[in-house]
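Every chain is numbered from 1 and lettered A, B, ... according to where its sequence line falls, protein lines coming before strand lines. These numbers come from a predicted model, not from an experiment.
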4 protein chains.
Amino acid sequence: MVKIGIIGAGRIGKVHAESISKYVKDAKVKAIADPFLNEETERWAKTLGIQHVYKDYHDILQDSDIAAVLICSSTDTHSSISLEAVKAGKHIFCEKPIDHDVEKIKSVMEAVKRSKVKYQVGFNRRFDHNFRAAQEAVLNGKIGTQHVIKITSRDPEAPPVSYVKVSGGIFLDMTIHDFDMVRYLSGSEVEEVYAIGSALVDPAIGEAGDIDTAIITMKLANGAMAVIDNCRRATYGYDQRAEVFGSKGSVAVTNDTASTATLSTEDGVVAEKPLYFFLERYMQAYANEIAAFVEAIVKDVPVPVNVVDGLEPVLIGLAAKKSLAENKPVKLAEIKSLFDL
Amino acid sequence: MVKIGIIGAGRIGKVHAESISKYVKDAKVKAIADPFLNEETERWAKTLGIQHVYKDYHDILQDSDIAAVLICSSTDTHSSISLEAVKAGKHIFCEKPIDHDVEKIKSVMEAVKRSKVKYQVGFNRRFDHNFRAAQEAVLNGKIGTQHVIKITSRDPEAPPVSYVKVSGGIFLDMTIHDFDMVRYLSGSEVEEVYAIGSALVDPAIGEAGDIDTAIITMKLANGAMAVIDNCRRATYGYDQRAEVFGSKGSVAVTNDTASTATLSTEDGVVAEKPLYFFLERYMQAYANEIAAFVEAIVKDVPVPVNVVDGLEPVLIGLAAKKSLAENKPVKLAEIKSLFDL
Amino acid sequence: MVKIGIIGAGRIGKVHAESISKYVKDAKVKAIADPFLNEETERWAKTLGIQHVYKDYHDILQDSDIAAVLICSSTDTHSSISLEAVKAGKHIFCEKPIDHDVEKIKSVMEAVKRSKVKYQVGFNRRFDHNFRAAQEAVLNGKIGTQHVIKITSRDPEAPPVSYVKVSGGIFLDMTIHDFDMVRYLSGSEVEEVYAIGSALVDPAIGEAGDIDTAIITMKLANGAMAVIDNCRRATYGYDQRAEVFGSKGSVAVTNDTASTATLSTEDGVVAEKPLYFFLERYMQAYANEIAAFVEAIVKDVPVPVNVVDGLEPVLIGLAAKKSLAENKPVKLAEIKSLFDL
Amino acid sequence: MVKIGIIGAGRIGKVHAESISKYVKDAKVKAIADPFLNEETERWAKTLGIQHVYKDYHDILQDSDIAAVLICSSTDTHSSISLEAVKAGKHIFCEKPIDHDVEKIKSVMEAVKRSKVKYQVGFNRRFDHNFRAAQEAVLNGKIGTQHVIKITSRDPEAPPVSYVKVSGGIFLDMTIHDFDMVRYLSGSEVEEVYAIGSALVDPAIGEAGDIDTAIITMKLANGAMAVIDNCRRATYGYDQRAEVFGSKGSVAVTNDTASTATLSTEDGVVAEKPLYFFLERYMQAYANEIAAFVEAIVKDVPVPVNVVDGLEPVLIGLAAKKSLAENKPVKLAEIKSLFDL
């Protein structure tokens, strides 16, 4: 039984606590820490059987009974807490992104390398049944040599501008999942990026220096090409699709719905909308990723999404940012050289 | 917190124990009883935090701390254990069918009526997201006045002949769920039944006096008609569909699949098969039905599937049996009069 | 080039004339006859290049240059015109049904047998791309041994009561196509029929002694079972589906739509309704059936839908009628013996 | 009745002749001309009722009874024949592209402007039921303000390298239809283009200086973005899809199939592949475009796809070519300025 401490009791911290208690057999959440802890959270923790509720996450790091931590705090604290946790010898599951600052990711990467801790990054979509089925088809040679990877990723609602301002921009906040998906589905690395985009959903997002709609094309090391289209707002719900096309054919995955019900009337044939947002769509994926992390600890095997997998999408995001700013394709090598990578 | 005892640690008893521990917040399984208890089951019970593991279910009935029991033993024991449990003042969730013998169901019904216990019958499909969505469309008037209800229900594999012999026949064993679904979707009662059927899948089933493929048509009290088609074996998996057609249109639900992946190649456009069998398809429905049972206890409101809902499909099944034997339509009233109902 | 005369310039007569001129290479409509001929029809005939427009169909029968006639007049005239046409040595394509009176069909059948004329009956659905694909799957062994054949057939709008009164009843007017489809898809004969039905769409149809909604189950000679559900009115359009289920799997065909467009908005995911009615859905099937008739003439091979295929669905319809009236299953043998068949 | 002469009796010339004879009421093909005329073509012309078959297209231009010509000859002759036909006062339907050379298109454009002839370009996809349904949804405001337009366009088989060499390259030969579709669906102009691509299907295409797989992103004048993905070979058939996403939702169109049949077996749930190639998919669209051309002549209204619609996709194609060669985004204005446009 792997004892776990969760650092950060916000939405995603709670999701992990609940999914571990329901679905992850070999793990138990022993403690949770959050500086803004309130009574409601304490009650919630009690019903889940979480023994300790701390304000200070150091209390978790000092508990030698706790083997692993989940870093679910705000993004700007991920890297420093990661470093402390490595020092404390805890296995680490860190929500994405590790940081927006590549130097900080590098320091985490090096600390992990020198240690014996497992370090997994929270790219939950890799554990979604649909994307996994697509990847399996690719791995099993069903589509032959890859030609084109296409990803559509649209949120049901744009975040508040206050969030957008600290988000690191759409590429590091939202597209980062899709960059990871390109790497996951292709099993290859991105070599060059070109991005176009605009604030079409909310002009306030544009005034905040960001965009809300984008198309990003990529050249991959394996010779294939990829394209992502993003939007911060789709009225019909969370739209998460992918297609991999190759020499033998194509595999496509589309959205889950709440039911298979179809209503046929004078007005048309109406099916359900996609599940509304990530909690609905990816709840099982969250459980799966923690189960995989726990399994890596228990069996002492490599984690399925390591610190390099955490770094690469940030680099791609920075390339996309530069491409958008300068309206030209940007090579990953150029970004990497900035950081001696 | 409703403390629960489970009587019977076979497949379905275990499914309930696990789904309660994962999904049902206000309940806890305190004890489980099974005469054929082995070490593996004991270990399994321990990992779920079940305190007591008994050979004799009377140990559960005598525990005054236990408020409710789940009767998951073999069908022939359902009614007698039900009577004992009513006497012990336990709320009861009984797997379907209560019994094949209407007199025994009647005695349970009368005992329940004289008591204050809640009695829910395990028609899990009412708690499936797809069938529920269909029912909601009907209830919300989306299809207008009902004209025709159609149900397709096919298992992925025929049971062994040994099972068929004690099953009560296809109508009481398999179609009983579909009879319940006709009542659930229509909100009406069946008045007349006509059944045809044959052993097309396995001649040994025919030799055992049963059939494996059937079509059953029904006239309903609300003026609508219904039709069920059943088969004990569909090579492509568990096929569970329904359609309700009426004056304003039609609502149809089809099968769930493991993913939305579609593979397009020279050979065609291939989607996933339906989920293989009831554990895959109805796992969430099992959790939902127990949650509803617990809620009925906690809030002291009527259970959603009561003892009459347990009786009616058995009567319809007996009518179907007679119809098949005599090759003529059989009125429910005729069956009911046999039992002074 | 097969010269054709069309008897009856109503809707279906015009459909055939137009589809022949567009799609049937080896045929030419030389004349059309209709007692209620008006100027508009004459103009229409001219634009299609039809040389002669007669009031009296005998003018067609007397034209030795005309090799084949299409009988598209009212049902009550089909058999007598058939007999005259056989006598005149014309190949005959007769719209369904040949007659409601089995004796009259028998006399046509005998006349045809004694002659050398080809006689094809207008069961157009056999020439529809969807039903044909289903039949091919069955013939190619894709579904193994047949277990269950299911047909859904609903019209977009109920006919006027005046029509219902002379229609011969729903089974001979509407279901007759579905009876034919059961024979087509199964390649087997119907042995027993049980029908339930009601006037749920329009009480006036009930007052006229007919029903508008029905479910008909059948036992087939090959051991399979079949079920048809009919309704005179589906708000969402012409609903024409079929499924054949067997030991190796199932083949299902559904409706065509005007486009593949799907609109996803706040209100749901909306696809197009089925094509509105038979002219939209079966236009190509009408052309295909005449092409097959012409090919049978040109190559002197048997027609694909012969006079027996015209008789059998009428017998099944009469069995259904009797079954509905007496609320019991009716054997085809019983109906046949009434007519020394 | 508009009398038509067809210049060029290759595949597309024959398609037009046949579809006019079947579907276009107000037009008649009087003559067809082709320098490589053989007996088979003459016989074919006779069966369609085409009076004259010439080797020299000037015979058509000199026939004052002929009101309109269809230019279906090889691309390199389109512009010069167009100029001659304008001079001869014939209305002109010209297959795409008018030319690969912008100066030649300009001279046609100017000649047409000074004349009274109608000049329509053969972008047949605008007349396809699916793309038309998508455009109607956009025009009717169903998706609100446009954000992203996505087009997938894949051929079932790569052309021979000999063809590739004279094709003008993938952008002018294949993508030109998709550029037109972006303009059609958006109702807006392309302002900037970025293209990536590679010879992934056939290295010989790469050796011939062309690519066979491409992704092209575009910025549009209306603020929206567009992306096209192309491939010269999809094993599963002709893949022609589009999606327009906007502030209120999304409309998507997918492929047509030969039937709606779905086969469910142990191996999966298999649907039909897309229709194989453009003749199957767009046959009706070809008829519709000529009918629209004829209607423009008869009613003296503007043609639906004019000479500017013929020019713009060529300019976009040239921008894409330059973008690919120089690996940078290219503004349409830059291309236009090269040609004083």
Side-chain angles (χ1 to χ4, degrees), chain A residues 142-150 152 154 191-202 211-220 222-237 239 241 243 245-252 254 273-274 323 326-331, chain D residues 142-150 152 154 191-202 211-220 222-237 239 241 243 245-252 254 273-274 323 326-331:
Chain A
K142 301 285 177 111
I143 63 138
T145 308
Q146 296 165 36
H147 292 351
V148 174
I149 292 143
K150 294 170 68 178
T152 292
R154 298 170 188 156
E191 293 196 333
E192 193 177 302
V193 180
Y194 175 71
I196 59 176
S198 223
L200 299 177
V201 169
D202 184 353
I211 57 172
D212 52 36
T213 307
I215 299 176
I216 307 103
T217 53
M218 280 150 281
K219 297 176 187 170
L220 306 189
N222 67 0
M225 289 163 266
V227 59
I228 295 164
D229 74 279
N230 278 152
C231 190
R232 284 287 199 183
R233 179 165 182 271
T235 55
Y236 52 86
D239 193 355
R241 289 173 280 155
E243 181 183 340
F245 168 74
S247 58
K248 285 189 185 166
S250 161
V251 61
T254 184
K273 290 184 285 185
S323 172
E326 303 181 2
N327 194 26
K328 63 172 195 185
V330 172
K331 289 204 186 322
Chain D
K142 300 285 176 111
I143 65 137
T145 308
Q146 296 165 34
H147 292 352
V148 174
I149 292 143
K150 295 170 67 178
T152 292
R154 298 170 188 156
E191 292 195 334
E192 194 176 303
V193 180
Y194 175 72
I196 59 177
S198 225
L200 299 176
V201 169
D202 185 353
I211 57 173
D212 52 37
T213 308
I215 300 177
I216 307 105
T217 53
M218 281 149 281
K219 298 177 187 168
L220 307 190
N222 68 359
M225 287 164 268
V227 59
I228 295 165
D229 74 278
N230 277 151
C231 190
R232 284 287 200 182
R233 180 166 181 270
T235 56
Y236 51 87
D239 192 354
R241 290 173 281 155
E243 181 185 341
F245 168 73
S247 58
K248 286 189 184 166
S250 162
V251 62
T254 184
K273 290 184 285 185
S323 172
E326 303 181 3
N327 194 26
K328 63 172 196 186
V330 172
K331 288 205 188 322

J.: If you count heavy-atom pairs under 4.5 Å between each of I196(D), T217(D), V227(D) and chain A, which one has the most?
T.: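 Looking at each option in turn, the highest pair count goes to I196(D).
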J.: Identify which part of S198(D) has an atom lying under 4.5 Å from any heavy atom of chain A, answering side chain, backbone, both or neither.
T.: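 Both the backbone and the side chain of S198(D) come within 4.5 Å of chain A.
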J.: Going by side chain to side chain donor-acceptor pair (under 3.5 Å), name the residues that satisfy it together with Q146(A), two or more places apart in sequence or in a different chain.
T.: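 By the side chain to side chain donor-acceptor pair (under 3.5 Å) rule, Q146(A) matches N222(A).
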J.: Using a cut-off of under 4.5 Å for heavy-atom pairs, which of T213(D), L200(D), V201(D) has the most such pairs with chain A?
T.: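 Highest number of heavy-atom pairs under 4.5 Å: L200(D).
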J.: Against chain D, label T145(A) side chain, backbone, both or neither, depending on which of its atoms sit under 4.5 Å from a heavy atom there.
T.: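 Neither part.
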J.: Show the nearest heavy-atom pair for residues A195(D) and S323(D), with the distance to one decimal.
T.: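 Shortest heavy-atom contact: N-OG, 2.9 Å.
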J.: Looking at V148(D), D229(D), T152(D), N327(D), which makes the most heavy-atom pairs under 4.5 Å with chain A?
T.: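 It is N327(D).
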J.: For Y236(D), what residues pass the side chain to side chain donor-acceptor pair (under 3.5 Å) criterion, not counting sequence neighbours?
T.: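 Residues passing side chain to side chain donor-acceptor pair (under 3.5 Å) with Y236(D): R154(D), D239(D).
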J.: Tell me which of these, H147(A), M218(A), K219(A), has more heavy-atom pairs under 4.5 Å with chain D than the rest.
T.: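 Among H147(A), M218(A), K219(A), the one with the most close pairs to chain D is H147(A).
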J.: I want to check something: taking the side chain as every heavy atom from C-beta on, are L220(A) and I149(A) in contact at a cut-off of under 4.5 Å?
T.: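 Yes, at least one pair of side-chain atoms sits under 4.5 Å.
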J.: Between K328(A) and E192(A), does any NZ, NE, NH1 or NH2 come within less than 4.0 Å of an OD or OE carboxylate oxygen?
T.: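 So E192(A) does not pair with K328(A) through a salt bridge.
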